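Just below is one structure, and these are the notes that go with it.
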Amino acid sequence: MNRLFSKSLCTSAAGANLKPPPADSAAIAKLLLSSPTTAHQIPEEQFLLSTKTPWTPQLVNSVLKRLWNHGPKALQFFHLLDRHHREYVHVASSFDLAIDIAARLHLYTTVWSLIRRMRSLRLGPSPKTFAIVAERYASAGKPDKAVNLFLNMHEHGCFQDLASFNTILDVLCKSKRVEKAHELFRALRGRFSVDTVTYNVIVNGWCLIKRTPKALEVLKEMVERGINPNLTTYNTMLKGFFRAGQIKQAWEFFLEMKKRNCEIDVVTYTTVVHGFGVAGEIKRARNVFDEMIREGVLPSVATHNALIQVLCKKDSVENAIVMFEEMLRKGYEPNVTTYNVLIRGLFHAGDFSRGEELMKRMKNEGCEPNFQTYNMMIRYYSECSEVEKALALFEKMGSGDCLPNLDTYNILISGMFVRKRSEDMVVAGNQAFAKEILRSQSKSGSLLIRKFRL
DNA sequence: GATTGTCTTT
């Protein structure tokens, strides 16, 4: 998500073209957020529609991504350009973004009219478009709709192939509809000549719901059918054992991988380091970490993050900090996850001031805090009745690049209600974030308003 | 966006 809001993305909108746009995507997004949703043809909109704004697909996409948590606004903007601009025509990737936003809001009528519009402009829909919609259907608890979408793809001018088959299976698996995925797999594996990736997706599916015996069955079947498992297959299985709490089996599987001369990689080692750590086996996690270095497999930032996280959770924040400093000394560049994990660790230990310091540090290092950073810090503050601190962060969020999302409101409000301190709500009222919820116009927003009579 | 490792909470 952080990537979506990066500065480079916005400035690159100017592209290699001759003249820079009069406004960047941040300014445009702000303008759109400040205008009422119902009004039409307000001066700002006329500005957006004027031929002086040199719209490019990059600029449009950047605005859409900035308005990700303000879906109705994003769609309003998309439609405005689509319907009223004389020259600009959306590209396929902008349609995909708009479709994703509409599907996320469960506005399926809009989704389908966008797909029709896309088709009439001969821009798609592409397999990617279908992957997006299928994923949204699946995560909205409509896996059958996702399957039907795949089965009827060809009616919308898009051919099914192995890639799209693997995609729909993965979408079903990731939303924990593994039985359904396996069913579809068995029914259609003859029609597409399925490959290692297909099997890997199914193996991963069973692992995700901790049914490792089923995963092993699929692995066996794959070998019997002459499709060779690869390192991804084994790494998936290994992670599955750890996830299911089968530490002994995981270790034996790992040893077997080494015995059979698999080219064990950084993903394998990271999985084991993290797996042992989560199981509370810090010593073994460290041993494996040292072993990988001896074996000449370089730990990545992710490997360090895995170890830092488990040190925070199962050992001590102090040791996690030591690891962090060691990582810096070795020349690694920490990412948002590194900082989030450490800040969470410090906050969890009640050390708010060092957590805040670390956030300052991450900013100084050019690593922008994301939603997770803010929401996590706000959660800890409101749980400890530090409402002023929580609201200060909330304000900082609103003025920066990382606009508060619905989760933020939920965290703030529930944090206050848990404490049942009426004066908290007075503070909250002063901050007028109830108004913000109204403006966000989402279903859950209005539910909140009704629930708490804001 | 065809598959695997690090970030939501116990």
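Lettering follows sequence order; numbering is per chain, from 1. Quick caveat, the model's predicted, so the values are computed rather than measured.
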Short N-O contact, Arg211(A) and Glu217(A), less than 4.0 angstrom
no
Side chain of Asn235(A) (C-beta onward), nearest among dT4(B), dG5(B), dT3(B)
dT4(B)
Rounding to an integer number of Å, can you tell me how far Asn305(A) CG sits from dT6(B) P?
10 Å
Looking at dG5(B), dC7(B), dT3(B), which one has an atom nearest to any side-chain atom of Asn230(A)?
dT3(B)
Between C1' of dA2(B) and CZ of Phe185(A), the distance in whole Å
14 Å
Side-chain N or O of Lys313(A) versus OP1/OP2 of dT10(B): is the shortest distance under 4.0 Å?
no
Ignoring the backbone of Val201(A), work out which of dT6(B), dT3(B), dA2(B) is nearest its side chain.
dT3(B)
Distance below 4.0 Å between Arg344(A) side-chain N/O and dC7(B) OP1 or OP2:
no
Between Arg294(A) and Asp290(A), is there a salt bridge with N-O shorter than 4.0 Å?
no
Regarding Thr303(A), tell me which of base, sugar-phosphate or nothing describes its non-hydrogen contacts under 4.0 Å with the strands shown.
base
Within the modelled atom types, does a donor on one side and an acceptor on the other bring the side chain of Ser300(A) and the base of dG5(B) under 3.5 Å apart?
yes
Out of curiosity, Met327(A) CE to Tyr332(A) OH, how far, rounded to the nearest 0.5 Å?
8.0 Å
Taking Arg189(A) first and then Glu221(A), would you say they form a salt bridge - that is, a charged N and a carboxylate O separated by under 4.0 Å?
yes
Here the distance between atom P of dA2(B) and atom CG of Asp170(A), to the nearest Å, is 10 Å
In this structure, how many angstroms lie between the C1' atom of dT6(B) and the NE2 atom of His274(A), rounded?
7 Å
In whole angstrom, what separates Phe253(A)'s CZ from dG5(B)'s P?
14 Å
When you measure from the side chain of Val267(A), which nucleotide among dT6(B), dA2(B), dT4(B) comes out closest?
dT4(B)
When only distance counts, do a donor and an acceptor, one from the side chain of Thr270(A) and one from the base of dG5(B), lie under 3.5 Å apart?
yes
Mind checking if Val266(A) touches a base, just sugar-phosphate, or nothing, with heavy atoms under 4.0 Å?
base
Please examine the side chains of Thr232(A) and Asn204(A), heavy atoms only from C-beta on, and report whether any two atoms are closer than 4.5 Å.
no
For Leu307(A), answer base if it contacts any base atom (sugar-phosphate contacts may also be present), sugar-phosphate if it contacts only those atoms, and nothing otherwise; contact means non-hydrogen atoms under 4.0 Å.
nothing
At 4.0 Å (heavy atoms only), tell me whether Asn340(A) reaches a base, stays on the sugar-phosphate, or touches nothing.
base
With a 4.0 Å limit, can you tell me whether Lys174(A) has a side-chain N or O closer than that to the phosphate oxygens OP1/OP2 of dT4(B)?
yes
At under 4.0 Å between heavy atoms, what does Asp195(A) touch on the DNA or RNA strands: base, sugar-phosphate, or nothing?
base
